[in-house]
Amino acid sequence: MSEITDDDGTFEEQRERVDEPMRRLFATYGRRDWSALVLGLLAGVGAHAFGVVPPYLLGVALDSVFEDSGRAFTLPLVPDAWLPTAPADQFWLIAGLVAASYLLAAVCAWVMGFGLNAFAQRVQHKVRTDTYDAMQSLDLGFFSDKQTGELMSILNNDVNRLEQFLNGGLNMATRITFIIVSTGGVLLYVNWQLALVTMGVVPVIAVFTHYFVQAIQPKYAEVRSTVGTMNSRLENNLGGIAVIKASTAEAHESEQVEDASREYFDTNWEAITTRIKFFPGLQLTAGIGFVVTFVVGGLWVFSGPPLFLTGTLSVGEFVTFIMLSQRFVWPLAQFGQLINLYQRAYASSERVFGLMDEPGHLDVDEDAPDLTVTDGRVEYDGVTFAYDEDDDAEEDHADPEPVVEDLNFTVEGGEMLALVGPTGAGKSTALKLLMRLYDVGEGAIRVDGQDVREVSLPSLRRTVGYVGQETFLFYGSVADNVRYGAFDADREDVIEAAKMAEAHEFVTDLEDGYDTEVGERGVKLSGGQRQRIAIARVLLQDPEILVLDEATSDVDTETEVRIQESIETLVEDRTVLAIAHRLSTIKDADQILVVEDGEITERGTHDELLAAEGTYADLWGVQAGRLEDLPEGTATAD
Ligand code: ADP
């Protein structure tokens, strides 16, 4: 997963909306933690300043302490009157200063690492949590046309890239700037003419690095894209392993994987062959620069200034040059890498901020009053809705057909309404609108007379509970899962709810009872068991209104009976809107609506609808035919 997206087309639309992402990163997140950043940068200045002291002092020592070259024993920034005159004292002073410089450079390097890393980590943490929060608040429509992998990749890879830049990149930028400034400064101070000779390699290295970056970047992009393709294939194959085996497609899939891997090999090899030429080339350039400095400086020391140069160069100064010119070249070589890090961070921050700026399609009013529930009366008034009315993913849904159209019905408090009809008729969609997972296109949904769009979202969602076809179990224990949404509930309440949901028995049979880990990495529970946990969950939340999307999956008769019993406990004293597949379960509903193609085609009680001899009666006939063989009451009683 790690390299699926980079500077490719993912999240293009969101990226385009973001201006100056790096500036925004520093302005928004850098400001909070500026003290760590400033501390790191200042310490960086110190580390590099102390780093150039020893070569300089060694040069002074060579000239003035060991040799009497005529160079006076002076130190920059230190008044001559403070300096000792005896060579032995001078020697020990230099030794002490060199040791102190190394020590201080190390302390500064430590503080720099601390400051910059702390800055990078804090920014990373905040960016990730802010992005997650922003994403979580988006409506379901956003998630249905994005791939989970894409979103994960932003929360992980892109945020990590920002960290890499803030950490490694800033470190590198600091190092490059300070080494060049401090080393270049000392070289110019000691002998500006020879310094210019040494710096002659700078433009050569700059041009060389520039061409290298130009050459390697498209290759890296290609490598990332082939890694992405290969990972998607591997992921997909692992997910479909059962189908692969059942279709004896192993050989076919091995070939596909081999092709993908081969392509990765080829593109990567091309990138590698380019990269491995770079460092030797750079070393050679730096070496040539070094030789030129050595020859010019050496001749100068031997026999006075060569060519058009003037003045003198002592042995000590020459040694300082030799030591420092090495330090000067390497940071330049890292410049290309820095540009690369910056560009990647730029693309990543565009995606991160693009996600943060994604407009919510729900018009949420933060100051809306809470919903006040009196009876739990639900009213659909001319409700029409189509998916994808907004700009996203137009190419897939060019013409948004309404999925539900002009729905009108009222459920009185404590009553049960059932929706029946063929798959795809729009039943689930109609009920999602009540929970405001989407907002109605036209018309209004009211709870006890209050439009759901005009009350606070949390109060609405607390009022409306949901038991769906599939129960998602979160990572955690059975108790955690029952408690989900009513996080403060204590153990007794959890057990009580589980008992009412007919779940207590199987839970206590599990190895660790209520503490058994479930979810993807935990114990696997059957569909029926999961459903009972979901029912316990909702019982604990105790909502006034219940949305029930009956499971279509076949469970054995005994489980079905038990689920049915727990549902009966659940629906007592609540307003219920249920989607039913097995008509036997909703026979007693106060009102049954037949939905076909997004519209209500029949309405009434079970008996009325049977008498009307329409679609419902036909459906009942088909299902009753299947049930005829069973003894009376099997579906609802012990
Ligand atoms: P039912 O619950 O009656 O089976 P649904 O409400 O699930 O029907 O679906 C109604 C229609 O809306 C179907 O044609 C389905 O393909 C479409 N649909 C459901 N969910 C989405 C979605 N997130 N985006 C776009 N279309 C959807």
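Bear in mind the structure is a predicted one, so any value in this text is a computation, not a measurement. Each ligand, and each atom within it, is numbered from 1 in the order the structure gives.
Around atom OH of Tyr264, no more than 12 heavy atoms belonging to other residues, nucleotides or ligands sit under 6.0 Å away. Applying the 6.0 Å contact sphere to CZ of Phe409 captures more than 12 heavy atoms from other residues, nucleotides or ligands.
In this structure, the separation between OH on Tyr438 and CZ on Phe385 is 6.5 Å, given to the nearest 0.5 Å. To the nearest 0.5 Å, atoms CD1 (Ile445) and CG (Leu433) are separated by 5.0 Å.
Close approach to Ala425 involves these atoms of ligand 1, each under 4.0 Å from a residue heavy atom: 1 (P), 3 (O), 8 (O). Of all atoms in ligand 1, numbered sequentially from 1 with element shown, those under 4.0 Å from a heavy atom of Thr423 are 4 (O). The Tyr438 neighbourhood of ligand 1 comprises atoms 23 (N), with distances under 4.0 Å to a heavy atom of that residue. Less than 4.0 angstrom separates some heavy atom of Lys427 from each of these atoms of ligand 1: 1 (P), 2 (O), 3 (O), 4 (O), 6 (O), 8 (O). Shown in contact with Thr429 at under 4.0 Å from a heavy atom are these atoms of ligand 1, numbered in order with element: 5 (P), 6 (O), 9 (O), 10 (C).
The aromatic ring centres of Tyr514 and His504 sit less than 6.0 Å apart.
Phe385 does not count as a contact of ligand 1, since none of its heavy atoms falls under 4.0 Å from the ligand.
Residue Val403 has no nitrogen or oxygen atom sitting less than 3.5 Å from a nitrogen or oxygen atom of ligand 1, judged on distance alone. Here's the thing with Ser428: one of its N/O atoms is less than 3.5 angstrom from an N/O atom of ligand 1. Taking only nitrogen or oxygen atoms, main chain and side chain alike, Gly426 reaches within less than 3.5 Å of ligand 1.
Using a 3.5 Å distance cut-off with no hydrogens or angles, the side chains of Asp406 and Asn408 do pair a donor with an acceptor.
Exactly one residue among Leu434, Val411, Leu417 makes a side chain to side chain contact (heavy atoms under 4.5 Å, CB included) with Tyr380. That residue is Leu434.
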